[in-house]
Amino acid sequence: MLVSLTSTTPVATDLGYLLHKHPDRVRSVDVGFGRAHVFYPEATAQRCTATTYVEVDSSGPTRHRKERRAQGLEPYVNDRPYAASSMLSVALGRLFGTAMSGTCEARPELVAQPLDLEVDLPVVPLRGGPEMLRRLLDPLGYEVECSPIALDSVFPAWGDSPYVSARLAGRQTVRSVLEHLYVLLPVLDDAKHYWIGPDEVDKLLRRGGDWLSSHPESDLIARRYLRLPTFTREALARLAEAGEDADLLDSQRDAAEQAAELPIRLGEQRLEAVLEAVRNVGAGRVVDLGCGEGRLLERLIVEPAVTSAVGVDASMGALKRAGKRLRLDQMSERRRERVQLLQGALTYTDSRLRGFDVATVVEVVEHLDSERLDVFAEVVFGHVSAASVVLTTPNREYNANFERLDARGLRHDDHRFEWTRGEFEAWARGISERFGYGVEISAVGPVDPVHGPPTQMAVFRR
Ligand code: SAH
C-alpha cells in the first residue's frame with residue numbers, strides 16, 4: 001500500500017517539519033498487521049514528496065494451516081498488500097498522529113499554513129466508482145484525477161478492476177490532508193468490516209470535527225465509517241450539536257433515521273435468533289447456561305411461552321450485573337417467582353440444573369479450555385439434559401472481515417478457540433450422536449459469501 005504526499009510550495013522541505021519526519025531518513029513503525037515506512041523519494045526546495053509504504057502480512061488473521069485449506073487461495077491471494085484500505089488509514093494515524101493533531105514544536109507557524117499539496121494513491125478500492133471519489137473530495141477543495149486500473153493488463157477484454165489510481169491536488173494544510181485521508185480511505189473502501197468500539201466515534205469526531213459537519217455527504221461518511229447504526233446515530237447527534245445550520249441539522253436527522261433502519265447489531269441479531277429458536281422448540285422452563293449479564297434472560301422473562309427462566313454463571317460479578325439489569329429487587333412477586341440466578345460451573349454436575357425444557361448456551365463454549373469440552377458436553381447434554389439445547393459460538397472464518405483481532409487472530413482475549421464452520425458442525429454432529437439429539441445448524445448475522453456468517457447456531461432436539 002502506498003500513498004505519497006507532495007508539497008510544491010517553497011520551501012517544500014518544510015513538509016519534513018510538519019510531518020515530524022526528517023527528509024534524509026527512513027522511519028519505520030510496527031502497525032500490528034505489518035510495518036509502515038516513511039521516506040522521501042524527492043526533497044528539494046521546489047518539490048518535496050513523503051511516501052508512506054505499508055507492508056502488510058497478506059495472510060492476515062488466518063494463521064492456521066487447517067483453516068487456510070478450508071478457505072482455498074483467499075488467505076494468500078487478496079488485496080491487502082496493495083489496496084489503500086482502512087489499514088492504510090490506521091498506519092497514517094500511527095505515523096502522523098502528532099501532525100494530525102496540529103502540533104509542530106519546531107515550526108509552530110507552519111501548522112495553519114495552506115500549501116499546494118498533491119496526494120498520490122496508486123491503488124484505491126472504490127465502492128461507488130469515480131463519482132464517489134468526486135462526491136467526497138470536491139467539497140473539500142480538491143481537484144480529483146482518477147484513472148481506471150484494468151483487471152488484468154494481459155486480458156484487456158476482462159475490463160476494469162474495482163480499483164482506481166487517484167491523484168488529488170489542492171491548497172490545504174498538511175493537517176487537513178492527513179485528516180481527510182484518515183477518515184475517507186475507509187469510507188471509499190467500505191468493503192472491510194471493522195471490529196468497532198465506542199472510541200471510533202471519538203476518532204471520527206476528532207479527525208473530522210472541523211470539516212465533517214459542513215460536508216454535504218457527512219451522513220454517508222459517518223455511516224460508512226462507523227458501520228454500526230448506534231454509533232452512527234451518536235456521531236450524527238454530536239456533530240449536530242457542533243453545527244448551527246438548520247438545514248444541515250435536518251439532513252443529519254434524516255440520516256440518523258436511515259441509519260436506524262440499517263441491519264441491527266450482531267449482539268441484537270444473536271439474541272433475536274436465540275429467542276426465535278427458543279420459541280420454535282416450544283419454550284417452557286428455560287435455563288441460560290453462562291448467562292453473563294443477563295441480556296437473554298431480560299428477554300426470556302417477558303416471553304409468554306417461557307414459564308420460568310434460570311440464569312447460571314460462574315462469575316459472581318456477572319450475576320450481580322444481571323440482577324441489576326433484571327431489576328430483581330423491584331420485580332412483582334409473581335414474576336420474581338419465575339426468575340432465578342445461580343452461581344455454578346458448567347464443568348461440574350449440579351442437580352439444580354436438571355428438569356428444564358430448553359437450555360441456552362450463548363457465546364460460552366469458546367471460553368472453555370479444549371480439554372474441558374468433553375466434561376462440558378457430559379454436563380450439558382448428559383446431565384442437564386434439557387429436551388432442547390440452543391447453542392451459539394463465533395465462526396472463526398468470518399474473522400477475515402475484522403481488522404481488530406487479538407494476537408492469535410481471535411475476537412476476544414478470553415476465547416480459548418474459535419471454530420470454523422466445519423469444526424463446529426463436526427462437534428455438533430458428534431454431540432448429537434453421543435447424546436441422542438437431532439441437530440440443525442444455522443447462520444446468524446450478515447453472511448459473507450466466502451467466510452459465512454459471523455455467528456453460528458446449533459439447535460439440538462431430543
Ligand atoms: N451468554 C452471555 C454471556 C457470554 S460470555 C451473552 O451472550 O451475553 C461467557 C460467559 O460464560 C461469561 O459470563 C462467563 O462467566 C461464563 N462462563 C465461562 N466459563 C464458564 C463455566 N465453566 N461455567 C459457568 N460459566 C462460565
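Atoms within a ligand are numbered from 1 in the order they appear, just like the ligands themselves. Throughout, residue positions are numbered sequentially from 1 according to the sequence presented.
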Considering only NZ, NE, NH1 and NH2 on the basic side and carboxylate oxygens on the acidic side, decide whether [X] and [Y] come within less than 4.0 Å.
X    : Y    : answer
E363 : R270 : yes
E293 : R321 : yes
E55  : R35  : no
R421 : E425 : no
E276 : R279 : yes

Counting only heavy atoms and a distance below 4.0 Å, can you name the residues contacting ligand 1?
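Contacts of ligand 1 under 4.0 Å: G290, C291, G292, D313, A314, S315, G344, A345, L346, V362, E363, V364, H367, L368.
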Which of parallel (below 30°), tilted (30 to 60°) and perpendicular (above 60°) describes F417 and W419?
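Aromatic pair F417/W419 classed tilted.
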